[in-house]
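Report on the following structure.
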2 protein chains.
Amino acid sequence: MSLESYPRPSVTVDVIIFRLLDEDLQVLLVKRKFPPFEGKWAIPGGFVNIDESLDAAARRELEEETDVRDIYLEQLYTFGDLERDPRGRVITVAYMALVPAYALSPRAGDDAAEATWWSMGALPPLAFDHARVLPYALQRLRYKIEYSAVGFELLPEVFTLSELQRAYEVILCEELDKRNFRRKMLSAGVIEGTGHVRSGDGRPAQLYRFRDDAVAEVRARRLFP
Amino acid sequence: MSLESYPRPSVTVDVIIFRLLDEDLQVLLVKRKFPPFEGKWAIPGGFVNIDESLDAAARRELEEETDVRDIYLEQLYTFGDLERDPRGRVITVAYMALVPAYALSPRAGDDAAEATWWSMGALPPLAFDHARVLPYALQRLRYKIEYSAVGFELLPEVFTLSELQRAYEVILCEELDKRNFRRKMLSAGVIEGTGHVRSGDGRPAQLYRFRDDAVAEVRARRLFP
DNA sequence: ACAAAAGTGTTGAGAGTACACCCATGC
DNA sequence: GCATGGGTGTACTCTCAACACTTTTGT
């Protein structure tokens, strides 16, 4: 059976771009200008070129929206229901990107559709099946932050322990104990002090950075002994 | 931009079907009869029909290979590198299925390619990028068995605690303590006794079944407090 | 001196881990 | 009666979770 003999679905990548700003977890969405879903908001994405891998397509879409490189990008899930795009059969491979808040976007001088950051707690009406995709991504982010070190991808290069804790609290929607948090984070060996401090209101805070060499993947608690 | 204006990749689903037989974790592979990869072995799969969801396509492929229904099936990952299929641009959505050992397969009277169970410890030469896909699936299975109850999907409806423990040991390549295993498994509330026993060599063993209503998802140990 | 945020230890409970012997049956 | 696998309890360690006050700076 040849590759030619079947009608082919279209394949797109959608990139869910999260950032953390002002104690708020936000996602970048673009406004659709044409029917269907005119005026609704969608996860940025586009067709996969025939000579481009999925990862490369996702990275290209990401770089069309943000100005920074070396961004964390991970494949999430592939959504392929029949009725998800009324224009035809479109399968989309969803990726998740985590950008630090200073990543300039929506990109200046961009000719693409209007792009805006939305708080995950107050989303606008969404196009396609994106109302299903975003909660999936949030769940994955929450889950992953619990046993790996992806949380740092949302922070600037140096940060205080309080900022780090607030990042975790915002993503998990849960308050954490300061002493336990600091002890565990430090003993995990994933961050290191920079030797500098940051002054502000109150006592100046030590600054830390993420240790690139740290592979912090906590083993899951097992169901059995 | 219309859906028509781009050349489209082909989309397939591949279903990695695991079973557990004789203390051996096995995977079902089909022998390829035509170039490329003639004589090599591949994960069973096929094209996604234009009027069929991804999940439906995966289930159809699975049912072409096995005789049982209600089988555990989960989407794993989508592989979309350019050179993974020399015949052209083919993106494949990989699924993982777990079948009990009595699931008759390869299907009797099947007109499809020769299909054989292979031990995960001794795989034949593989087609496409399947040498990358199978270890990914195994890792996912190992990971998932540690914090959820998918392990039961590989066992018959009733089983002894020793059989269950051996299943875990085979998948994890790790010996487990009998007393700890039994205590934890019973206290987790995911299995219940049937009241019957099975006789064999030595003392007869109590038989258990999985409790459908048990939602045993163990929370991951967290990196932070 | 006071406001504001940073930083610091201890204790009790529960889970995990290691470990060795008796029990019920078939032959 | 013996070989074979089934079944059971305890002690130690370690991690988790709860909890409140002192320190350092800017104004």
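Keep in mind that this is a model prediction, so the values were computed, not measured. Residue numbers start from 1 in every chain, and the chains themselves are labelled A, B, ... in the order their sequence lines are given, proteins ahead of strands.
Which of C:dC19, C:dT8, D:dG6 sits closest to the side chain of B:N180 comes down to C:dC19. Closest to the side chain of B:K178, out of D:dG6, D:dG9, D:dA20, is D:dG6. Closest to the side chain of B:Q206, from the set D:dG7, C:dC19, D:dA17, is D:dG7.
With salt bridges taken as basic N to acidic carboxylate O contacts below 4.0 Å, one links B:D81 and B:R132. Of the charged side-chain nitrogens involved, at least one lies within less than 4.0 Å of a carboxylate oxygen, so that B:E64 and B:R60 count as a salt-bridged pair.
Taking side-chain N and O atoms only, B:R182 has a distance below 4.0 Å to OP1 or OP2 of D:dG7. Between A:S162 and the phosphate of C:dA5, there is no side-chain N or O to OP1/OP2 separation shorter than 4.0 Å. Using a 4.0 Å cut-off, some side-chain N or O of B:K184 falls inside it from OP1 or OP2 of C:dG16.
Between A:W41 and A:W118, the ring planes lie perpendicular to each other; the angle is over 60°, past the 30° to 60° tilted range.
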Find every protein N or O atom lying less than 3.5 Å from an N or O atom of nucleotides 24-27 of chain D, and list the pairs.
residue: D:dT24; atom: O2; partner: A:R203; partner atom: N; Å: 3.3

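Under a 3.5 Å cut-off, the side chain of A:R140 and the backbone N or O of A:L76 do form a donor-acceptor pair.
Aromatic ring centroids of B:F159 and B:Y208 lie 6.0 Å or more apart.
Summarising the geometry, the separation between CE on B:M185 and C1' on D:dG6 is reported as 17 Å, rounded to the nearest angstrom.
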